[in-house]
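Data block below; observations after.
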2 protein chains.
Amino acid sequence: MAYKTASRQTIQRLPLYLSYLRSLPSDGPTNVSATAIAEALDLNDVLVRKDLASVSAGGRPRIGYITQDLIFSIEQFLGYRDTKSAVLVGAGNIGQVLLHYKGFAKHGMNIVAAFDTDESVVGESINGKQVFSVDKLSNLCERMKVRIGIISVPAPSAQEICSILVKSGVMAIWNFAPVQLKVPDNVMIYNEDWFSSLDQLLKHLNDRLHDNI
Amino acid sequence: MAYKTASRQTIQRLPLYLSYLRSLPSDGPTNVSATAIAEALDLNDVLVRKDLASVSAGGRPRIGYITQDLIFSIEQFLGYRDTKSAVLVGAGNIGQVLLHYKGFAKHGMNIVAAFDTDESVVGESINGKQVFSVDKLSNLCERMKVRIGIISVPAPSAQEICSILVKSGVMAIWNFAPVQLKVPDNVMIYNEDWFSSLDQLLKHLNDRLHDNI
DNA sequence: TAGATTGTTAATCGATTAACAATC
DNA sequence: TAGATTGTTAATCGATTAACAATC
């Protein structure tokens with residue numbers, strides 16, 4: 001199969017299409033048109049067609065795409081269809097939220113273990129996931145060939161944990177600590193930066209309030 | 001003062017500049033060049049200058065910008081310098097994390113009260129913020145002219161809470177529930193969509209793993 | 001057939017980068 | 001002065017949208 005690529009923007013929209021397609025009634029029509037998707041999501045229809053072209057085998061004029069095939073293609077493209085293991089470090093507030101999330105499986109990610117330094121949490125089991133001492137982190141990652149690390153520790157410890165993860169073979173890090181982590185070029189960092197969207201919200205609100213004086 | 005505007009991208013970068021500027025040693029030089037900022041943040045220097053032009057009174061050739069003035073200008077532009085009140089609805093896991101966050105004040109936002117339906121939490125105080133029954137939500141928002149609502153309730157209740165907030169005069173909503181909320185055009189929604197960045201991480205990891213076969 | 005829909009090619013748009021003159 | 005730096009104007013780049021031919 002030719003290797004398909006997609007722009008960052010396209011990858012951001014694909015999950016939207018997926019959730020729309022999944023929301024369609026299962027007893028409804030088996031086909032769906034790019035025009036319909038575009039209208040439902042308030043996007044340009046050509047844009048939708050271009051995005052879908054980077055994922056699917058293509059639709060048919062007058063008919064559109066076969067809904068189920070499209071769902072499958074998007075899931076496959078995004079990698080939802082083969083499960084990847086992840087470790088979570090920091091079983092505090094945010095860590096607990098993540099450990100309780102049920103949606104990760106649908107996205108093809110499985111948290112196999114949690115880690116913390118706090119002795120009172122170590123040994124416990126949260127939503128079926130065992131919490132280990134951070135001492136064990138490196139060893140487990142290497143043994144299980146874990147490629148995804150989730151960092152939900154306080155900011156001051158984040159870099160240290162990050163370095164351990166990288167040394168243990170982790171290739172992608174999902175970072176919830178408000179720190180700019182330093183990693184080698186071959187490791188990907190995704191920062192979950194709440195303040196970024198808050199800042200935009202506040203900026204726009206501010207502008208609106210001033211306009212209305 | 002002429003009304004300054006900035007693109008969405010610029011607004012996203014301004015907080016980066018701010019955090020870099022704040023990180024500079026206070027006993028160091030009082031000036032900073034766009035070139036230095038650009039290098040530190042791995043950006044193009046002309047880009048930085050353009051961004052700063054939309055915020056500040058301008059720098060001087062050979063000297064650069066006065067660090068403190070620049071910090072002030074960015075804070076002012078982003079609206080950090082006048083505090084806005086917010087209410088938080090849903091004092092569960094994520095809600096607790098947000099209530100404990102200390103950084104909001106620096107961004108000009110203050111959570112004045114929390115709300116929940118769970119009787120066992122109502123009446124309690126989390127990090128100095130009182131938790132009220134949701135019944136009181138509408139009344140408090142109107143009385144205190146609150147313009148920001150933070151939704152951290154489970155997905156099924158999100159739309160209902162959202163409607164109450166909108167009816168009570170809230171103009172901007174920061175949504176942590178994984179739901180597409182419906183609001184009038186004049187209300188701004190900012191979704192904190194964890195899955196979006198997770199999807200990109202997983203997609204890239206997938207591509208990398210396949211490349212290396 | 002007529003018309004809805006796809007997919008492609010060209011035009012537009014906005015953001016970034018390059019080139020360069022102005023300045024201290 | 002020489003050179004670092006700013007800010008502006010033009011070129012480039014990538015993404016979106018428009019126009020349109022192909023198809024069922």
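Chain naming here is simple, since letters A, B, ... match the order of the sequence lines and numbering starts at 1 in each.
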Base partner of C:dT17, which must satisfy Watson-Crick or wobble distances under 3.5 Å: D:dA10
Which nucleotide in C:dT23, C:dT8, D:dA15 has an atom nearest any side-chain atom of B:P61: C:dT23
Separation of atom CG in A:L47 from atom P in D:dA18, rounded to whole Å: 11 Å
Distance below 4.0 Å between A:R49 side-chain N/O and D:dA18 OP1 or OP2: no
Exercise: do A:K84 and B:N206 side chains pair donor with acceptor under 3.5 Å: yes
Closest to side chain of B:R13, choosing from C:dT5, C:dT16, D:dG7: C:dT16
Min side-chain heavy-atom separation B:H100-B:I126 under 4.5 Å: yes
Complementary nucleotide for D:dG3 - Watson-Crick or wobble, under 3.5 Å: C:dC24
Interatomic distance, A:Q9 CD vs D:dC13 P [rounded to whole Å]: 17 Å
B:S33 side-chain N/O to D:dA4 phosphate OP1/OP2 under 4.0 Å: no
Rounded interatomic separation in angstrom, taking CG from B:N44 and C1' from C:dA19: 12 Å
B:L43 CG - C:dA18 P separation (whole Å): 13 Å
Nucleotide D:dT5, atom P - distance to CD1 of B:I66 in whole Å: 16 Å
Salt bridge present between B:K167 and B:E142 (N-O < 4.0 angstrom): no
N or O in side chain of B:T35 less than 4.0 angstrom from D:dT6 OP1/OP2: yes
Side chains of B:Y17 and B:D51, donor plus acceptor under 3.5 Å: yes
Distance-only donor-acceptor test, A:K50 side-chain atoms vs C:dT8 base atoms, 3.5 Å: no
Between C:dA4 (P) and A:D45 (CG): distance, integer Å: 14 Å
Parallel, tilted or perpendicular, as decided by the 30° and 60° cut-offs, for the rings of B:H107 and B:Y80: tilted
Gap between atoms CG and P, on A:N31 and C:dA4 respectively (whole Å): 17 Å
Length of the line joining B:I37:CD1 and D:dT6:C1', which is rounded to integer Å: 13 Å
First of B:R60 and B:S7 reached from the 5' end of DNA chain C, by closest nucleotide: B:S7
